[in-house]
Each structure stands twice: as structure tokens, then as C-alpha cells.
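To start, the structure itself, in C-alpha cells.
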Amino acid sequence: MGITDLLRGFGSLFFPNACLNCRRPVARREALLCLPCEADLPVIDHWRLPENEIHDRLAGRLPICHGIAAYTFREGNVCQQLIHAMKYHNRPDVGRLLGERLGEILARVAGLDDLTGVVPVPIHDRRRQERGYNQAEMIAEGVARVLDRPTYPAALRRTDFRGSQTRRGKLERLENVRDSFTTGRGDFTGAHLLLVDDVMTTGATLDFCGNALLDAHTDLRLSVATLALVER
Ligand SMILES: [Zn+2]
């Protein structure tokens with residue numbers, strides 16, 4: 001933890017309603033950002049398109065009905081600060097609130113009205129113990145609340161990866177998919193599930209999770225949604 005993080009940590013003790021990007025006071029904790037930082041948050045409006053960047057990144061790997069991301073993730077931008085606060089500053093509430101924002105976008109997408117439910121990308125048990133929560137599950141809860149659908153956090157499990165990493169591309173290894181995914185509880189025959197994660201880079205995680213679900217359930221349709229899409 002750097003000195004800046006440390007000072008920000010102290011700052012949040014004295015100013016609990018601080019902008020997650022610049023630390024200026026905000027009226028309500030739920031606002032997450034001050035107005036200027038909110039205006040700097042790069043919103044993606046590709047939800048209007050039937051095929052977009054998400055489809056492109058998953059092309060040939062994972063068949064999806066809809067793919068939506070809310071914000072562009074860039075080194076040092078407001079989106080990165082939100083993700084950082086959600087993952088490393090013990091703020092599961094940030095995940096739920098951002099999930100609700102993602103849900104508001106998804107509610108406008110034609111063709112998602114037949115969704116069965118929302119499946120968060122799992123994190124490893126070790127990681128969950130360190131962090132205290134799975135941020136993707138928090139996002140999924142926010143999404144599910146807005147869309148009025150159930151979440152299925154036990155539909156996928158993340159286990160230690162057994163096998164060679166070397167056959168995967170460099171970018172996929174960077175995305176840290178050292179674990180493998182297995183399906184857990186639930187029969188989703190004929191269902192339409194929304195797979196939810198925090199950040200999409202190459203799409204390797206969504207690829208592995210989505211294909212595990214498709215292999216396990218007959219006639220399953222999948223859509224994916226992430227809070228952030230890493231710019232490339
Ligand atoms: Zn701000």
C-alpha cells in the first residue's frame with residue numbers, strides 16, 4: 001500500500017461521504033462520485049447495438065445473445081478508481097450500487113426481458129476470505145435487484161487450475177485465469193442466464209465460465225455483462 005492509499009484510507013475515516021475518485025465531500029455516500037468526477041466517468045453506450053465490442057472479443061469462443069459493459073476502464077481513470085475502491089477498500093456496497101447502475105442500462109436492452117437469472121463469476125475461496133466478499137456477486141445483486149430476477153451464486157465454482165498455463169496466450173495469462181471453473185448447483189435447462197463480472201479484458205474469464213455453463217445445461221442461452229471494459 002502506497003502513502004497515497006494510506007492517506008486516502010485515513011481520509012475515508014473522517015469523511016465517509018467522500019468522492020471515490022478525488023476525495024472531495026459528497027452529499028450522500030450512495031452518490032459514489034462528486035459531480036465533476038461523475039461527468040468524467042466514460043460511459044459506454046454500445047447497449048444500443050445488437051453486436052458490439054463484447055461480441056467481437058468473444059467471437060469464436062463463446063456464443064452470447066447480448067454483451068454489455070457500462071464503463072471504459074483505462075489506467076488512472078475514474079472507472080479504475082471505482083473498481084479499486086470496490087475490490088480493495090472493503091466496500092461491497094460500492095459493488096451493489098454499481099451493479100444497480102449496470103442494471104439500469106440492462107433494463108433498456110431489448111431481448112433481455114426473458115432472463116431467468118444472474119450468475120456472478122466466482123472468485124477463489126482463498127480470495128473471498130481475504131476480501132470478505134466476491135465483488136462480482138455484489139454487482140450481480142445490484143443488477144438482479146433492478147431487473148427483479150434471482151441471483152445464482154452457486155451455479156459456478158472456481159477451483160485451483162490443474163494443467164499447463166503455457167498453451168494460453170500472454171494476454172490470457174495476464175488476466176490471471178489460473179483457476180478453472182466447474183458448475184455447481186442448479187438445473188438451467190432452457191434458461192437464459194446473465195453472466196456478470198467486474199472487468200472484461202480479453203474475455204478469457206467469461207469464456208471459461210460461460211462454456212462451463214453451456215456444457216452443463218441443455219438449451220441454455222447466455223448473455224454477459226461487466227461493469228468495465230478495458231480499453232485496448
Ligand atoms: Zn470527485
Side-chain angles (χ1 to χ4, degrees), residues 1-49 52-54 57 67-109 118 120-121 123 127-128 130-147 174-176 196-202 205 224-232:
M1 183 189 271
I3 187 76
T4 317
D5 282 339
L6 208 60
L7 289 173
R8 281 188 174 175
F10 279 123
S12 60
L13 285 179
F14 298 111
F15 305 103
N17 296 344
C19 168
L20 292 176
N21 187 55
C22 72
R23 295 278 140 207
R24 284 192 199 97
V26 291
R28 297 171 304 115
R29 192 172 159 95
E30 298 76 36
L32 300 181
L33 296 168
C34 69
L35 289 177
C37 290
E38 186 70 47
D40 274 347
L41 186 60
V43 177
I44 303 173
D45 65 357
H46 67 188
W47 59 270
R48 299 167 195 278
L49 308 167
N52 60 42
E53 175 78 24
I54 308 259
R57 291 194 196 185
I68 308 292
Y71 307 115
T72 301
F73 183 109
R74 222 176 282 128
E75 196 60 43
N77 80 349
V78 182
C79 175
Q80 189 201 18
Q81 294 300 330
L82 287 178
I83 300 280
H84 188 88
M86 172 179 70
K87 286 175 81 163
Y88 304 113
H89 291 181
N90 192 27
R91 294 285 305 268
D93 60 310
V94 175
R96 285 194 205 94
L97 289 166
L98 291 173
E100 287 177 9
R101 290 176 174 218
L102 181 57
E104 301 289 348
I105 296 172
L106 294 166
R108 289 187 278 181
V109 177
V118 186
V121 166
I123 55 173
R127 185 68 55 82
R128 181 198 282 273
E130 286 162 17
R131 192 170 294 156
Y133 55 93
N134 171 8
Q135 71 278 3
E137 200 174 318
M138 299 302 107
I139 299 167
E141 282 179 12
V143 167
R145 187 177 306 160
V146 173
L147 297 182
L174 278 177
E175 197 158 330
N176 208 10
V196 167
D197 204 1
D198 52 356
V199 182
M200 177 183 189
T201 310
T202 63
T205 308
V224 301
T226 65
L227 211 50
L229 183 63
V230 177
E231 194 178 52
R232 63 172 181 192

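Note: hydrogens, waters and symmetry copies are ignored here, and every other heavy atom, side chains too, is used. Read the numbers this way: they start at 1 and go in the same order the structure lists the ligands and their atoms.
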Any salt bridge between Arg101 and Glu38, counting N to O under 4.0 Å?
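Salt bridge between Arg101 and Glu38, a charged N being under 4.0 Å from a carboxylate O: yes.
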Carboxylate-amine/guanidinium proximity below 4.0 Å for Arg232 and Glu53:
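Looking at Arg232 and Glu53, the cut-off is met.
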Of all the heavy-atom pairs spanning Arg57 and Thr201, show the shortest one and how long it is.
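Shortest heavy-atom contact: NH1-O, 2.9 Å.
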Which heavy-atom pair separates Gly67 from Asn52 by the least distance, and what is that distance?
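Looking at all heavy atoms of both residues, the closest pair is O-ND2, 2.9 Å.
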Candidate pair Arg48 and Asp45, rule side-chain contact (heavy atoms from CB on, under 4.5 Å), full reasoning:
CA-CA 6 Å; Arg48 299 167 195 278; Asp45 65 357; 4.0 Å; yes
For the backbone of Gln135 and the side chain of Asp198, can you confirm whether one donor and one acceptor N or O come within less than 3.5 Å of each other?
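Not a single qualifying donor-acceptor pair exists.
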Let's test this: below 2.8 Å, count the protein N/O/S atoms around the Zn ion (ligand 1).
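My tally for this metal is 4.
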